[in-house]
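Note that these values count all heavy atoms, side chains included, but never hydrogens, waters or copies made by symmetry. Numbers restart at 1 for each chain; the letters A, B, ... are given by sequence-line order, proteins then strands.
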Amino acid sequence: MPQNLQGECQPDGTNESTPKIQRIKITRPSEDSEKKIAVKRVKDVEVSVPIVYGTIAFWLGRKASETLSHKWTVYVRGATNEDLGVVIKRAVFQLHPSFNNPVRVVESPPFEISECGWGEFEIAISLFFHNDVCDKQLDLYHHLKLYSEEDSGPQSTKKPVVVETYNEIVFPEPPADFLARVQNHPAVVVPRLPATLSLPPAPVQEVHESGRGDTKDHTLSPWFVNFSEADELLKLAAARQQFLHDRCKLTL
Amino acid sequence: MDAKDILLGLPKPTTTPTPLGHQLLPLPADKKSRPPKESQRKPDGISREVYALTGGLAPLMPSVDVNHLKRRAQSENEKITWQWLPFTSSARKDNLQLYHWVRVVNGVPPSGDYSFAKYNKSVDVIKYTDDEYEKHLTDPMWTKEETDELFDLCERFDLRFIVIADRFPTSRTVEELKSRYYSVCRAILIARAPAPGDIAGHPLVKDPYNISQDVERKRALSMVLSQTKQQERRDAEVLAEAKRISEARKAAKGTDELEVPAMTDTVPDDNDGAAAAVDSLSPSPNAQFTSGAIAPPVSEIASTLASLRMMRVYLRTHALEQMVQAASSSAGLRTIKRVEQTLQDLGVNLKPKVPTKAVCAEHLELRKEILILLNLQKQLQYKEAEGSSYRDGLYAETPGTPPKRVQRAVEQDRTFVPDSFSFGGERMGKRDQKRKAPGRLLEGPPSPAQSKRPRKFKASDG
């Protein structure tokens, strides 16, 4: 991969909510600084946060040059476009070293970075959760795609190359405080809680100063992939049926 | 001669070398040609070679200064003499007069008993009266004379039962003697005690001598001691195997597992017993193993689940990967490939596009089912192959031993077939058999070209 992927790029005002993108080097939060007080955890209740992460890349068309052919955004969003800020404290995107300040920290949702460049590379995304959620970080990896696979003719500035991955962040034994806070939040999937479970009172939800954290009306939302669980489930169930049927026939 | 002499080269090598070299050989004629080291006189009383070991110089370490040595206290104040004097010892009952050297200080010999007299200890052996004997101590196995003799010997030999047993007029084992002695003492003790409570704490009363236990203990000890190295090794292996099996069982059964009987304390006596027990154990894990081949290993899955629960946070896809790995842990690479091929044929993504909890669970179940069915198919094929070979009646001997080729020419084809069957039968135990269609062997006699092949053909050629 050629060395220099950097390009000077002014994010044009297409992004309505401009999150504070801090171009500072981050220091890994030391585990020692976290309180080592025993956390009250809720067993047998699995909290999951469905997320989608990926990249959307637009060809710059006439404005494209050798070093700046595409404008792309890497992001992590809720699968239903709800606000992930309730769970995620910050997201750190590790770009190619040829970029200026390749370590980009985003402290508030929407967790995304927009840049311009010409090359494809792997982006490392580290998610840090709020103190009452989890003190371990979660790492995701995504390969930035600028060029579409189908050999459709010339690129279009209107149609971007979208690569999204669905996944779920699972907390097997969530802390009680966290559970109390999010049990009714749309971004978080909480199973039916046992009736005997008593949770501490939920603190008041704070509103993000920099605007809404959800991505429902995001500029790029038209390109977001709709991941339907039902589809896959149906396919799987059908496959199981068919498989059993076929095999039973064979063995008899 | 010093090596240096040789190296430096003496003009006139007239000095006769002495093997022991006790003395330096100063020849006045050669004095000036000698290296200066030699002219340095070495101390007397030390052989030249030894001195040369130290490099021709005095040792670097400072020798012990005589002043540093401790001086015998006050040797100037008093007059010490040593005298050959008689002495008495309280340990001696006779009047034997013995002499020894005594350190006399200023004319005063030491006082006090003989210093070793205090070591003359003996055991207080109980003395019973005839009356007491009549009342408490009669025993069908023992006459009074014997008991008296026993006690006399005990007194003489300080309860050294080995010696007593040796000296005892009638032949009695050490354990019998001990038993008699201790029971007599116990009976006397109880009889003489003013109240039973007084002696309840006495060791004889609390833990009486148990002869059968003692005999058994000594027997076991001697067995352990006399075990040959081979036996020791076998025992160690048996124990290790038992431990392994019990652990495997525990893991498989989860929390409600059956307890494998502990083999530890039966080792010396039940060598065979242990071996038999292990034999009975090993078929069962084998059976479990084959059933494990049918169902994905429960222990792997359980441990994966546990480790996932330990993680504070993880991705659903990661969890699925781990579970898939655990479920396929017992399967070989080819089997896994076949599972994936089947999935693809069914139109299912190898990695779900929307990995929700439900989707992942379904995916895992589907994989497990495919695995089970593939294994069952394989087993079925083997059974079929074996069954048909039985039917053909050529499967005469144990697998691996080919039947005798008596009529070579005629039966060459026919004898060749059971080889393949016996080969297949031999491979029955192995699980990941890679043969795709062993059933092909059932179709008629093999072609003549095959009969030329050596007996040992690869299963993959089928």
Side-chain angles (χ1 to χ4, degrees), chain A residues 39 41 43-44 46-53 79 87-88 125 127-129 133-141 164-175 178 189 191 225-248 250-252, chain B residues 294 304-323 338-384 437 439:
Chain A
V39 173
R41 294 184 173 273
K43 292 193 199 294
D44 304 327
E46 188 184 86
V47 166
S48 56
V49 184
I51 57 166
V52 174
Y53 60 94
V87 180
I88 301 178
I125 310 171
L127 299 176
F128 294 86
F129 306 101
V133 179
C134 178
D135 47 8
K136 283 216 181 93
Q137 69 185 72
L138 193 61
D139 297 320
L140 311 164
Y141 301 92
E164 283 195 326
T165 313
Y166 176 98
N167 215 319
E168 297 187 345
I169 308 176
V170 181
F171 301 96
E173 282 184 0
F178 169 50
V189 174
V225 176
N226 190 17
F227 289 93
S228 154
E229 171 193 43
D231 230 3
E232 190 129 20
L233 261 182
L234 266 172
K235 250 205 307 188
L236 272 171
R240 279 179 81 180
Q241 278 280 43
Q242 186 196 349
F243 175 68
L244 281 170
H245 184 249
D246 287 349
R247 282 299 176 262
C248 283
L250 230 113
T251 47
L252 278 173
Chain B
I294 296 178
T304 312
L305 275 172
S307 71
L308 281 174
R309 233 173 283 131
M310 289 306 293
M311 296 176 67
R312 293 286 164 81
V313 60
Y314 56 83
L315 282 171
R316 185 76 69 192
T317 47
H318 171 78
L320 181 62
E321 265 169 35
Q322 297 286 315
M323 295 297 286
R338 287 171 72 185
V339 170
E340 293 183 349
Q341 183 63 47
T342 319
L343 281 170
Q344 280 178 335
D345 293 340
L346 290 167
V348 172
N349 300 314
L350 287 180
K351 293 202 173 166
K353 282 272 176 297
V354 190
T356 63
K357 189 170 176 141
V359 166
C360 288
E362 284 282 314
H363 186 97
L364 193 63
E365 284 309 306
L366 181 57
R367 274 197 186 238
K368 281 196 220 173
E369 278 171 7
I370 296 176
L371 201 61
I372 292 172
L373 274 156
L374 284 179
N375 280 330
L376 279 175
Q377 267 189 322
K378 243 190 283 177
Q379 303 248 338
L380 184 62
Q381 282 173 340
Y382 291 151
K383 293 279 185 207
E384 275 182 349

Exercise. Step by step, would you call A:Lys235 with B:Val348 a side chain to side chain contact (heavy atoms under 4.5 Å, CB included)?
Worked result: CA-CA 7 Å; A:Lys235 250 205 307 188; B:Val348 172; 5.7 Å; no
Exercise. Checking side chain to side chain contact (heavy atoms under 4.5 Å, CB included) for the pair B:His318/A:Asn167: CA distance, chi angles, key distance, verdict?
Worked result: CA-CA 9 Å; B:His318 171 78; A:Asn167 215 319; over 6 Å; no
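Heavy atoms only, all atoms of each residue included: A:Leu236 and B:His363 are closest at CD1-N, 3.8 Å. Of all heavy-atom pairs spanning A:Ser48 and B:Arg316, the tightest one is CB-NH2, 3.5 Å. Nearest heavy-atom pair across B:Val359 and A:Glu232 is CG1-CG, 3.7 Å. Here the shortest heavy-atom pairing between A:Pro172 and B:Arg309 reads CG-O, 3.8 Å. Here the closest heavy-atom approach between residue B:Val313 and residue A:Lys136 is recorded as CG1-O, 4.0 Å. Contact between A:Glu168 and B:Thr356 at its shortest, heavy atoms only, is OE2-CA, 3.1 Å.
Note that CD of A:Glu46 is 9.5 Å distant from CG of B:Leu308, once rounded to the nearest 0.5 Å. Here the straight-line distance linking atom NZ of B:Lys353 with atom CG of A:Asp231 works out to 12.0 Å at 0.5 Å rounding.
The residue among B:Leu315, B:Leu366, B:Ile370 with the most heavy atom pairs within less than 4.5 Å of chain A is B:Leu315. Interface remark: of the candidates B:Glu369, B:Arg312, B:Met310, B:Arg312 forms the most heavy-atom pairs closer than 4.5 Å to chain A. For the options B:Asn349, B:Leu343, B:Val354, B:Asp345, heavy-atom pairs under 4.5 Å to chain A are most numerous at B:Val354. Looking only at heavy-atom pairs under 4.5 Å with chain B, the residue among A:Ala79, A:Ala238, A:Pro50, A:Ser228 that has the most is A:Ser228.
For B:Met311, the part lying under 4.5 angstrom from a heavy atom of chain A is the backbone only. Of the two parts of A:Thr165, neither the backbone nor the side chain holds a non-hydrogen atom closer than 4.5 Å to a non-hydrogen atom of chain B. In this structure, the portion of A:Leu138 lying under 4.5 Å from any heavy atom of chain B is its side chain and not its backbone.
With a 6.0 Å radius and a threshold of 12 heavy atoms from other residues, nucleotides or ligands, B:Glu365 has its CD atom above the threshold.
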